[in-house]
S.K.: 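First, the structure itself, so that you have it in front of you.
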Amino acid sequence: MTVATADVEDLRAAVEADGAIAFDGLHLERGDEGYVLETPDGDWCGLDEAALRDALETIGEYVTNWRYWQETVGGEGTARRAFLRWCERAPIADGELEDAAGSGDHPHVPDDGETLSVPARYELLRDGLDREWGEICVTARLVESDAGEEPAGERVYDLWHVDDADTDLAALEVYDDPRDAREIATYDADDRYRPLKTAPTLVSGWAFTGLSGGELVETIEFFYPATIANWHRELRGELDVDHWLETAERQSGIYDVIDELPREAVDWMAEACCVDSQCLRRREWQYEEGGELDPDGGDGPFPCREPCSLVVAAARKWTVLESEEERTYELELTTSELNQLTELIDAVAEGRTDEIREADVYDGANRYRARYLRAKRFDEDDSLAAREVDE
Amino acid sequence: MQALVIAAHGSHLNPDASDPTYAHADAVRETGAFDEVREAFWKEEPHFREVIRTLESDEVFVVPLFISEGYFTEQVIPRELRLEEWDPDLWDSDGTDASQVTLEATDVDKTIHYCGPTGTHDAMTDVIVQRAESVTDDPDVGEGVGLAVVGHGTERNENSAKAIEYHTERIRERDRFDEAKALFMDEEPEVDDVTDYFESDDVVVVPLFVADGYHTQEDIPEDMDLTENYRLGWDVPAEVDGHRIWYAGAVGTEELMAEVILERAADAGADVGDARDVIQDAATTAGPDGDRGPNPGAEAGD
């Protein structure tokens, strides 16, 4: 990889300004007897300007890596920069090279949390380095060296649905404007509205290619709003969690009532809404500080720091429903019909009704079975013929 | 760096509710006036609660895409943005005067300029007039024509009607239309009886709503007898009781709304350069055949 004159000049200017550079394994400083240069693979000292240039030529990847992160990406301390570094398995905080693994000679598939050295990253970036962000696969890759305008070491990013990882690009709808993600994220595969962006129902069949780092983050922001910001906070141990009671007590207007939802009903609500099958976020909020909810928060990749607006809206309904007194009813059912009610509730709760085949009358939630039950057991008011039992 | 946040209601049920927010945000994005432009919602994502933390800019201008001062602009948005020093008195408004207040959001180290809603800005009057021009396809519309500005109206919030009456009065003062009236869905004078309130043969009806939805595309057209069933659509203009009613749909979908958003941010100190001119040029030259012109009635209910 050829090192551009401009990169060398920028490096020298940075050394002049800061006294020394230490970045992703590249150390450069100006000593009394010339420049001192060091990487994990070698070191030089007493370099004059010409010797420094020659030495930098031999470690071009470190130089272009420095240029990409310091000049193109910038934004030190930002979630955007941290996310882009995560994308290529760079140590997220600059200078944390001691954790980085991989020699570069034989790049291996790294473990999920593993970070890589500059040569190891470059080796993988040439073919494209994949990471998964929810249902999205992000590929970071080096721009082809003969692409022309872009400086050496420039990265671009592609993304598509994880289900499309093995699909030929020609079979996908290809986009390059981050805003197109909004339309894709709005409807599920059945063309129904997705009010919850982190529902695990993102459609496949699309790809964004050749995005800059800024565009990648913008695209992710449209697919999964605020996930990068909260992930970054969690990473730094700064995730601010608002538990159920804080959130509920803050509400006003028609949602003012939700802090009256009984304690155990909050458990049922979390079990209904805030599980992996319904949302890619991992629930970090509890009933209150020190008061954990029974259901597990899930394994979702994005931290959920407070009940979302869907949960708040649903909680209002449940608060009203839970304010009703329980009563005892009597109704005539066969044992199989009682079991069928269970199957119906379960099928709806799991969103399984569309999968039940028309002729599968062995499934209690089959449409004809449900229609038969209705025909047999509903009264003239179109409801179950049940009698309230006096206590 | 400066960022613009357009704060809107959004919907859990209707995917079109956020369309105007996205359209105006995109129009502002294309001017390049802000380093970052972000949509934020009460019922969609990013939620008001999370939006500020997604920005890198130190200066954030929050413009509520709401019609009137009231519950959302005075309680919900500032609370959800964690503007703890917020107090409605800081706006020093009697219902239509809110401009901006500068505060800190407690979860981020940023300066938040919390602006008054788009609906009460003086520039909104121009958007209503522009709407009349685009729905009639007549840049000189006015002579021999009555203009009805329609609001929801509610007994719960007196400011809701104030915004409607404010713009109606400003339009009346311009003496451009033969008549200008404020009408409401839920209070007198009611939009149902629109023809009773006008002598002009032609009446342009502009609902002061942010987005097209149930009220603007179902309720109001049926209440005005433009159509028996909103699903069948309606003509523009439609004949009702000897009047020709030019029904425009929600004014919030008008392209010029993006300029009102910029005006709000500029009033709060944002450097918007010539972005307002860019938007105005685009909005006034696009006309009804432009990409984002008003929806013809035939499409109503789609």
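Below, read A as the first sequence line, B as the second, and so on, with proteins coming before strands; counting in each chain starts at 1.
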S.K.: Any ion pair linking Arg282(A) and Glu284(A) (charged N to carboxylate O, less than 4.0 Å)?
M.R.: yes

S.K.: Take Phe223(A) and Trp206(A) through the ring-ring contact (aromatic ring centres under 6.0 Å, His included) test and state the conclusion after the steps.
M.R.: CA-CA 13 Å; Phe223(A) 276 120; Trp206(A) 49 268; 4.8 Å; yes

S.K.: Look at Arg49(B) together with Asp240(A) and state whether they make a salt bridge at an N to O cut-off of under 4.0 Å.
M.R.: no

S.K.: Begin with the C-alpha distance, continue with both residues' side-chain angles, and end with the deciding distance and a verdict on side-chain hydrogen bond (donor to acceptor under 3.5 Å, both in side chains) for Ser57(B) and Glu36(B).
M.R.: CA-CA 7 Å; Ser57(B) 305; Glu36(B) 298 168 286; 2.5 Å; yes

S.K.: Looking only at heavy atoms, what is the nearest atom pair of Glu255(B) and His24(B), with distance?
M.R.: O-ND1, 4.3 Å

S.K.: Using a strict cut-off of less than 4.0 Å between a Lys/Arg side-chain nitrogen and an Asp/Glu carboxylate oxygen, indicate whether Glu154(A) and Arg67(A) qualify as a salt bridge.
M.R.: yes

S.K.: In terms of heavy-atom proximity below 4.5 Å to chain A, should His12(B) be classed as side chain, backbone, both, or neither?
M.R.: both

S.K.: With a 4.5 angstrom heavy-atom cut-off, which part of Asn14(B) approaches chain A: side chain, backbone, both or neither?
M.R.: backbone

S.K.: Quick check on Phe222(A) against chain B: is it the side chain, the backbone, both or neither that has a heavy atom closer than 4.5 Å?
M.R.: side chain

S.K.: Leu55(B) versus chain A, heavy atoms under 4.5 Å apart: side chain, backbone, both or neither?
M.R.: neither

S.K.: What part of Phe41(B) is in contact with chain A, defined as an atom under 4.5 angstrom from a non-hydrogen atom: side chain, backbone, both or neither?
M.R.: neither

S.K.: Just checking, is any N or O donor in the side chain of His243(A) or Glu289(A) under 3.5 Å from an acceptor N or O on the other one?
M.R.: yes

S.K.: At under 4.5 Å between heavy atoms, what parts of residues 306-322 of chain A are in contact with chain B? List them by residue number.
M.R.: Glu306(A), Ser309(A), Leu310(A), Ala313(A)

S.K.: Tell me, with the steps shown, if Arg305(A) and Thr247(A) meet side-chain hydrogen bond (donor to acceptor under 3.5 Å, both in side chains).
M.R.: CA-CA 10 Å; Arg305(A) 47 162 306 282; Thr247(A) 305; over 6 Å; no

S.K.: With chain B as the partner, which of Glu238(A), Lys197(A), Arg233(A), Arg192(A) has the greatest number of non-hydrogen pairs under 4.5 Å?
M.R.: Arg233(A)

S.K.: Between Gln75(B), Glu44(B), Arg29(B), His47(B), who has the most heavy-atom pairs with chain A when the cutoff is under 4.5 Å?
M.R.: Arg29(B)

S.K.: State, without any angle test, whether Thr227(A) and Trp133(A) hold a side-chain donor-acceptor pair at a distance under 3.5 Å.
M.R.: yes

S.K.: Please flag which part of Arg194(A) lies under 4.5 Å from any non-hydrogen atom of chain B: side chain, backbone, both or neither.
M.R.: neither

S.K.: Would you mind listing every side-chain hydrogen bond (donor to acceptor under 3.5 Å, both in side chains) that reaches into residues 61-74 of chain B, with sequence neighbours excluded?
M.R.: Ser252(A)-Tyr71(B), Glu69(B)-Ser93(B)

S.K.: Counting only non-hydrogen atoms closer than 4.5 Å, does Glu80(B) touch chain A with its backbone (N, CA, C, O), its side chain (CB onward), both, or neither?
M.R.: side chain

S.K.: To the nearest 0.5 angstrom, please state how far the CG atom of Leu4(B) sits from the NE2 atom of His113(B).
M.R.: 12.0 Å

S.K.: Checking Glu56(B) against chain A: side chain, backbone, both or neither under 4.5 Å from a heavy atom?
M.R.: side chain

S.K.: In terms of heavy-atom pairs under 4.5 Å, which option from Thr198(A), Asn230(A), Thr186(A), Leu196(A) contacts chain B the most?
M.R.: Asn230(A)

S.K.: Between Glu218(A), His232(A), Gln251(A), which residue shows the highest count of heavy-atom pairs closer than 4.5 Å to chain B?
M.R.: Gln251(A)

S.K.: Could you give the distance from OG1 (Thr21(B)) to CG (Asp26(B)), rounded to the nearest 0.5 Å?
M.R.: 10.5 Å

